[in-house]
J.: 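Handing you this structure, nothing more for now.
All of these numbers come straight from a predicted model, not from anything done at the bench. In what follows, chains carry the letters A, B, and so on, assigned in the order in which the sequence lines appear, proteins first and then strands, with residues in each chain numbered from 1.
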Amino acid sequence: MMQAVKRACDACHRRKAKCDGVNPCRNCGQARLSCTYNAIPQKKGPKGTRANVISELRETQRQMSLSAKVQNRINGGPCAPPNPGLAPTPGLLTSELIKECIAFFFDNLYPQLPILDRNSVEQQVLYMEQNPGAYCLLTSLCAFVMLQPGMNMPAGDPYNLDLFPGATIVSSQLLVEEAVKVRKGYEYLDSVSLNVLATNFFLFACHYGLESHDRAWHYLREASTMIHLTGMHQEDHYMKLESVEASRRRRLFWLVYATER
DNA sequence: TTATTCGGAAATTAAAAACA
DNA sequence: GTTTTTAATTTCCGAATAAT
């Protein structure tokens, strides 16, 4: 940009036009206006105590974090969601939390639940903000992992929540609520993917672990119904799939089937 | 085609915070 | 004390719109 003049005349200021700063200026001359410099400039810079937009944003983000929500709930504080819509809550599912939960799942739980592919899950982390299916899967997966014995609050928790024995359970509850909320915001029944079925299974397992048996069976039955509607109980369903996807679906089918019995 | 308007990017400035 | 960070304000580019 060309060097700005120290002060634009009143008319140029009003017209948002470049002023040459002399009196009369070129614009006023051309427009046959009287060129004045009467406006009193405002004082620039922060007012009073340092204005703190960034600090407010930081505080808001901090309050959005899972640890802060857990702390609030443990203290019996207000837990009205600051984001009442059905969009993902910004800052709730941190990359640190996801990383630790994925690692825990594949290190400890995968042998019993070989329904996910690690590469695929890690890929989905990259675009979960744009893809509600991926977001719900990761949220419910984290909720499930947080309920497991041996799993602790994620690193970077500023509230020392490890000292509260129930913190992981509260975290799991909050994550389940988040997954269910975001799910309401999109038509997950339109395309019954592996993500959708796995999300159902994790929601089932979380509710079961949280002693909410009716809801748990609801999610399992829903998964079972989706499996039947998509024909996953018939062998030819797997013909048109590539082998990795087919084997994951087969395992998921048998897992849901066996759990229901 | 020319003139005018105006959204908003970039520059400028100054107060507060951080640092030595 | 000086430097850095932050935010309020100003200038004016350039796209959209209106007038001729």
J.: Let me know the distance between CZ of A:Arg7 and P of C:dT9, rounded to the nearest Å.
T.: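 Going from A:Arg7 (CZ) to C:dT9 (P), I get 15 Å.
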
J.: Between atom CD1 in A:Ile40 and atom P in C:dT9, what is the gap in whole Å?
T.: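 Roughly 15 Å, once rounded to whole Å.
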
J.: Given 3.5 Å as the limit, does a donor-acceptor pair link the side chain of A:Asn27 with the main chain of A:Cys12, or not?
T.: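 No; judged by distance alone, with no hydrogens or angles, the pair does not exist.
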
J.: Would you say A:Ser224's side chain and A:Leu220's backbone share a donor-acceptor pair under 3.5 angstrom?
T.: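 No; zero donor-acceptor contacts below 3.5 Å.
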
J.: Rounded to the Å, how far apart are A:Lys44 NZ and B:dA14 P?
T.: 7 Å

J.: Report the stems of DNA chain C as range-with-range entries sorted by first number; a stem here is at least three consecutive pairs, Watson-Crick or G-U wobble, both distances under 3.5 Å, and write none if there are none.
T.: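 Only these stems qualify: B:1-19 with C:1-19.
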
J.: Aromatic ring centroids of A:Tyr219 and A:Phe204 under 6.0 Å?
T.: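 Between A:Tyr219 and A:Phe204, the centre distance exceeds or equals 6.0 Å.
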
J.: Return no unless some side-chain N or O of A:His13 is found under 4.0 Å from OP1 or OP2 of C:dT10.
T.: no

J.: Would you find more than 12 non-hydrogen atoms of other residues, nucleotides or ligands less than 6.0 Å from A:Gln112 atom CD?
T.: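 Counting other residues, nucleotides and ligands, CD of A:Gln112 exceeds 12 neighbours.
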
J.: Is the shortest distance from a Lys or Arg side-chain nitrogen in A:Glu260 or A:Arg221 to a carboxylate oxygen in the other one below 4.0 Å?
T.: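 Result for this pair is yes, salt bridge flagged.
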
J.: Classify every nucleotide of nucleotides 3-8 of chain B by which part a protein heavy atom approaches to under 4.0 Å, writing B for the base, S for the sugar-phosphate alone and - for neither, in 5'-to-3' order.
T.: ---BBB

J.: At 4.0 Å (heavy atoms only), tell me whether A:Cys19 reaches a base, stays on the sugar-phosphate, or touches nothing.
T.: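 A:Cys19: backbone/sugar contact only, no base atoms under 4.0 Å.
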
J.: Distance-only, no hydrogens or angles: does the A:Arg215 side chain make a donor-acceptor pair with backbone N or O of A:His207 under 3.5 Å?
T.: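 No, because the side chain of A:Arg215 does not come within donor-acceptor range (under 3.5 Å) of the backbone of A:His207.
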
J.: Go through the side-chain N and O atoms of A:Gln124 and A:Asn195 and say whether any donor and acceptor fall under 3.5 Å apart.
T.: yes

J.: Taking only Lys NZ, Arg NE, NH1 and NH2, and the carboxylate oxygens of Asp or Glu, determine whether A:Arg183 and A:Glu177 approach each other closer than 4.0 Å.
T.: no

J.: It should be established whether A:Lys18 places a side-chain nitrogen or oxygen under 4.0 Å from OP1 or OP2 of nucleotide C:dC12.
T.: yes

J.: Is the CG atom of A:Asp214 crowded by more than 12 outside heavy atoms at less than 6.0 Å?
T.: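 At most 12 heavy atoms, drawn from other residues, nucleotides or ligands, come within 6.0 Å of this atom.
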
J.: Is any side-chain N or O of A:Lys43 closer than 4.0 Å to OP1 or OP2 of B:dT13?
T.: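 Answer is no, no contact under 4.0 Å.
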
J.: OP1 or OP2 of B:dT13 less than 4.0 angstrom from a side-chain nitrogen or oxygen of A:Lys6, does that happen here?
T.: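 A:Lys6 to B:dT13 OP1/OP2: side-chain N or O found under 4.0 Å.
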
